[in-house]
Amino acid sequence: NAGVMQNPRHLVRRRGQEARLRCSPMKGHSHVYWYRQLPEEGLKFMVYLQKENIIDESGMPKERFSAEFPKEGPSILRIQQVVRGDSAAYFCASSPPVGSGSSYEQYFGPGTRLTVT
Amino acid sequence: SQQGEEDPQALSIQEGENATMNCSYKTSINNLQWYRQNSGRGLVHLILIRSNEREKHSGRLRVTLDTSKKSSSLLITASRAADTASYFCATVSTGANNLFFGTGTRLTVIP
């Protein structure tokens, strides 16, 4: 059972370009979470999705950021018109459906390190 | 903010010593989890303690939870150089699913 996969692992974008980050959850997991980590800081929650639904996007900046988790395929975190302040590590985590006997444990991917030049 | 605070921010100990890290949080929680992150890597789940539990053990790890003080501690006994990493506490608030992370403690174990 492969773990949470994220790609690319490293992404360099110039200011104004778009960044697309992908996350494939663990098999059997239907919940995906995106977190952002600035250097020397803890992770900050951005968005929580289930298949085809955004459940909680309270941590997502209102502009330029969007996320989706389609019926087929990976979850995508999209950042339009990137700025230098978007440079960070973006982590995806997945968990099984709540109430399935799980304990809210989230399994993290290796992260995508975005650098905006 | 619901984000927790961890104390100390950084800790440096000799191999074989015990390391204690503390975490405080602000909201009512369902559970509290501790994660470890090696430099430049993703997070690894260490242990979860539910709001109705007071102490939990896993190998060399011991976690305590005091919901009246909204605080938790992680004890790593007989530390090893390989324990060098950043340690984060994260809470799941009552009625929520996402994790709110603390600011982390950077542990260095000197061989």
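These numbers come from a predicted model, not from an experiment. Every chain is numbered from 1 and lettered A, B, ... according to where its sequence line falls, protein lines coming before strand lines.
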**Asked** Between B:Y35 and B:Q33, does any side-chain donor sit less than 3.5 Å from a side-chain acceptor?
**Response** yes
**Asked** Of all of B:N30, B:L99, B:L43, which one pairs up most often with chain A through heavy atoms under 4.5 Å apart?
**Response** B:L99
**Asked** Does any heavy atom of chain B fall under 4.5 Å from the side chain of A:Q106, the backbone, both, or neither of them?
**Response** both
**Asked** Mind checking whether A:Y35 and B:F101 have parallel, tilted or perpendicular rings, split at 30° and 60°?
**Response** perpendicular
**Prompt:** Between B:Q37 and chain A, which part of the residue has a heavy atom less than 4.5 Å away: side chain, backbone, both or neither?
**Reply:** side chain
**Request:** Could you identify which residues cluster with B:V44, counting Ile, Leu, Val, Met, Phe, Trp and Tyr as linked when any side-chain heavy atoms lie under 4.5 Å apart, either directly or through a chain of such contacts?
**Result:** none
**Complete:** Looking only at heavy atoms, the pair that brings A:V83 and A:R64 closest together is CG2-NH2, 3.6 Å
**Message:** At a 4.5 Å cut-off on heavy atoms, which part of A:Y107 comes close to chain B: side chain, backbone, both, or neither?
**Reply:** neither
**Message:** Going by ring-ring contact (aromatic ring centres under 6.0 Å, His included), name the residues that satisfy it together with A:F69, two or more places apart in sequence or in a different chain.
**Reply:** none
**Fill in**
Residue from A:Q37, A:R9, A:Q6 scoring the most non-hydrogen pairs under 4.5 Å with chain B is A:Q37
